[in-house]
There are 2 protein chains.
Amino acid sequence: MKQRLLILFTIVAVAFSMNAQFNSSPVIGKDGSVSFSIKAPDADTVRLVIDSRLDTLMQRQGDKWALTLRDLEPDLYMYFYVVDGMKVLDVDNAHVLRDVKSVMNTFVLDPNGDCPMAVHDVPHGEVRAVWYDSPTLGMKRRMMVYLPAGYEQSRQRYPVFYLLHGSGGDETVWLEQGRAAQVMDNLIAAGKAEPMIVIMPNGNVDEQAASNMSALGNVQPTFAHKHWMDGLFEQSFNDIKTWVDKNFRTRDAKRYRAIAGLSMGGYHSLYISANQPEDFNYVGLFSPAINRMDKGKCTIYDDLETKLVTQFKQRPRVYWLGIGEKDFLYKDNAAFRELLNKNHLRYNYHESGAGHEWANWRDYLVIFTQLLFK
Amino acid sequence: MKQRLLILFTIVAVAFSMNAQFNSSPVIGKDGSVSFSIKAPDADTVRLVIDSRLDTLMQRQGDKWALTLRDLEPDLYMYFYVVDGMKVLDVDNAHVLRDVKSVMNTFVLDPNGDCPMAVHDVPHGEVRAVWYDSPTLGMKRRMMVYLPAGYEQSRQRYPVFYLLHGSGGDETVWLEQGRAAQVMDNLIAAGKAEPMIVIMPNGNVDEQAASNMSALGNVQPTFAHKHWMDGLFEQSFNDIKTWVDKNFRTRDAKRYRAIAGLSMGGYHSLYISANQPEDFNYVGLFSPAINRMDKGKCTIYDDLETKLVTQFKQRPRVYWLGIGEKDFLYKDNAAFRELLNKNHLRYNYHESGAGHEWANWRDYLVIFTQLLFK
């Protein structure tokens with residue numbers, strides 16, 4: 001312990017006296033190339049794993065293992081190394097994000113300065129962590145709120161976009177992996193999206209908040225909730241809506257209200273909007289987890305076809321469905337499209353590459369947001 | 001890559017169908033014991049490192065290595081494992097925090113439900129990430145703001161506490177490692193602290209924001225800034241103060257204004273308050289980095305003794321100095337206390353165990369906050 005303290009003091013003291021420079025990793029070239037490198041002199045194999053996009057062996061270069069990738073799309077990336085079978089984070093990259101329970105390094109690739117997920121020198125909105133009261137669930141709950149640049153200085157009212165996370169996520173994930181604040185800042189600044197309020201609630205009704213922000217103590221993020229796709233979130237949704245309309249300068253009308261979500265959140269968006277057809281003019285289903293619910297538990301899930309027909313009679317301006325061709329939910333979504341088609345209900349359909357993953361959901365957010373409130 | 005995709009889909013699909021349960025780590029007993037465990041069947045040695053508090057060998061138990069600790073103080077802890085010399089994070093704990101550039105696992109130990117760093121079922125304030133304009137620095141900059149519970153619903157004005165980070169930190173660290181929002185929520189709810197606004201700016205004047213929230217791209221957190229303790233932050237401070245008084249319902253008077261900071265932030269607090277004696281009734285220097293500045297660069301740093309005498313003639317209500325007995329800045333702080341003593345300037349002095357570290361700074365925050373605005 002003494003040795004460790006001494007080392008710590010030495011590091012701090014050196015930093016104070018020399019302004020020590022750290023390495024930056026990965027190294028991103030002006031051409032958009034991304035170079036990874038890890039020191040592991042005794043390793044037999046080192047792999048680089050990027051999201052679900054890449055899992056490849058690295059090449060030994062003396063004490064280090066290295067790999068340079070070219071032609072990656074501008075986006076946010078998450079990665080880790082596997083050294084002789086053991087997952088290892090990049091010690092030269094302090095930027096990490098969590099995906100459900102897995103912590104990974106992250107970087108944003110923006111070689112041309114136009115990636116909507118990157119921070120740019122544009123007017124920035126505010127991000128707030130607020131607690132609201134849910135009488136239905138009998139608890140105070142946390143949600144994240146994006147307010148567009150200028151909100152505080154204006155007297156204007158704004159449209160509201162409810163943006164819901166998937167199973168294993170919480171109120172923070174659309175801001176973290178989803179880069180929702182950067183996407184909104186950039187699209188609004190470019191005139192591609194209308195200034196809007198974005199509400200990111202927690203869709204796990206057993207939770208007050210993300211696991212490290214809850215009064216429940218040392219709890220881990222999990223897929224396993226007592227109440228899970230059983231209708232209770234949908235039933236409690238109006239607690240959120242009521243609180244939002246009371247506490248922000250919203251335009252409280254269907255014309256100015258959107259709802260979208262990924263996976264479980266897409267499923268939530270589907271049923272909330274079908275049960276409240278008078279409330280949402282814009283609905284976005286991002287790889288929705290159709291047919292995964294706890295059936296028969298709740299009237300929320302009854303008579304979907306009838307409810308959809310009623311909803312579409314009220315002509316939602318945009319009903320948007322996106323899914324990756326490799327998504328394990330693809331078939332269930334195809335069946336849902338058949339249901340819509342059979343009833344001649346008009347929707348936008350976007351099919352992308354890849355599977356059930358954030359690379360798709362960030363793209364869907366960029367696409368869907370540009371359709372709103374116009 | 002195909003194999004990895006298949007594994008991912010399988011995990012997600014299993015989670016969807018079975019609500020898979022994850023392990024939680026560390027395991028915290030009702031008696032406050034904390035049990036750590038890591039699977040490393042082929043390792044020769046495994047160490048557990050907790051902050052700068054502990055660095056110890058773990059005991060092999062079959063495929064795993066384990067250790068149970070008792071009698072730890074209620075607090076936030078940061079830890080990692082060292083497997084055969086390589087730093088490894090705890091894969092069963094998704095909660096991580098960054099200390100400058102080092103990512104570690106974290107947990108909050110709150111066996112009796114009274115740790116001020118834990119989230120409790122009390123009214124919660126709001127946390128905002130906002131961008132302000134700094135004409136002095138010629139850029140938009142990000143700061144974090146804590147607003148006490150009830151702020152939005154009241155018309156009241158509130159006192160303001162400026163809370164500054166250390167070298168290597170940024171606007172987020174007082175909320176992350178410092179648990180400032182939880183400390184404020186808990187102290188205010190218990191009637192131990194007055195409701196107040198807490199402003200946490202970024203003290204690195206080369207930065208717009210924390211490195212992953214800046215338009216500068218793939219930059220890492222660092223001690224190494226072009227401008228570092230050269231007076232420019234102190235000179236630009238009133239850009240923050242002006243913006244805050246304009247944008248929040250503050251009590252804009254010395255009586256209702258406090259400033260404190262850790263390490264470099266303590267140094268900033270010392271010089272900002274000495275140069276603006278009419279502005280701060282409460283000054284907190286937490287392990288201040290005295291005598292580490294870039295001397296002679298700026299008149300901000302001239303004639304400190306004279307400035308302090310002038311400041312104390314205006315009788316600040318609280319001038320508080322805290323340091324750990326093992327802090328590498330201890331001697332410089334002792335010399336500073338000599339300067340105060342020689343001039344008969346009255347201050348509160350708190351000497352704690354340990355060194356230049358967060359365990360002290362969280363404690364100092366709890367102590368200092370209870371002295372404010374009374």
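- Interface remark: B:H95 contributes backbone and side-chain atoms alike to the contact with chain A (heavy atom separation under 4.5 Å).
- The distance from the CG atom of A:D84 to the CG atom of B:D84 is 11.0 Å, given to the nearest 0.5 Å.
- Of the residues considered (A:R98, A:K246, A:M139, A:K140), A:R98 shows the highest number of contacts with chain B, using heavy-atom pairs under 4.5 Å.
- For A:S211, the parts lying near chain B are the backbone and the side chain together; criterion is any non-hydrogen pair under 4.5 Å.
- Interatomic distance, B:F248 CZ to A:E152 CD, rounded to the nearest 0.5 Å: 7.0 Å.
- Top candidate by heavy-atom pairs under 4.5 Å with chain A, chosen from B:V103, B:N212, B:V88, B:T56, is B:N212.
- The side-chain heavy atoms of A:M86 and B:M86, taken from C-beta on, include a pair separated by under 4.5 Å.
- Residues B:K87 and A:L89 fail the side-chain proximity criterion, which asks for heavy atoms closer than 4.5 Å.
- For the residue pair A:N247 and B:Q153, the shortest heavy atom distance occurs at OD1-NE2, 3.3 Å.
- For a residue to count as touching a neighbouring chain, one of its non-hydrogen atoms must lie under 4.5 Å from one of that chain's; by this rule A:D121 touches chain B with backbone and side chain alike.
- When all heavy atoms of B:D92 and A:K101 are compared, the pair lying nearest together is O-NZ, 2.6 Å.
- Looking at A:V130 and B:R128, their side chains never come closer than 4.5 Å, going by heavy atoms from C-beta outward.
- You'll find the side chain of A:M213 stays beyond 4.5 Å of the side chain of B:H124, heavy atoms only.
- At a 4.5 Å heavy-atom cutoff, the contact between A:V219 and chain B is made by backbone atoms alone.
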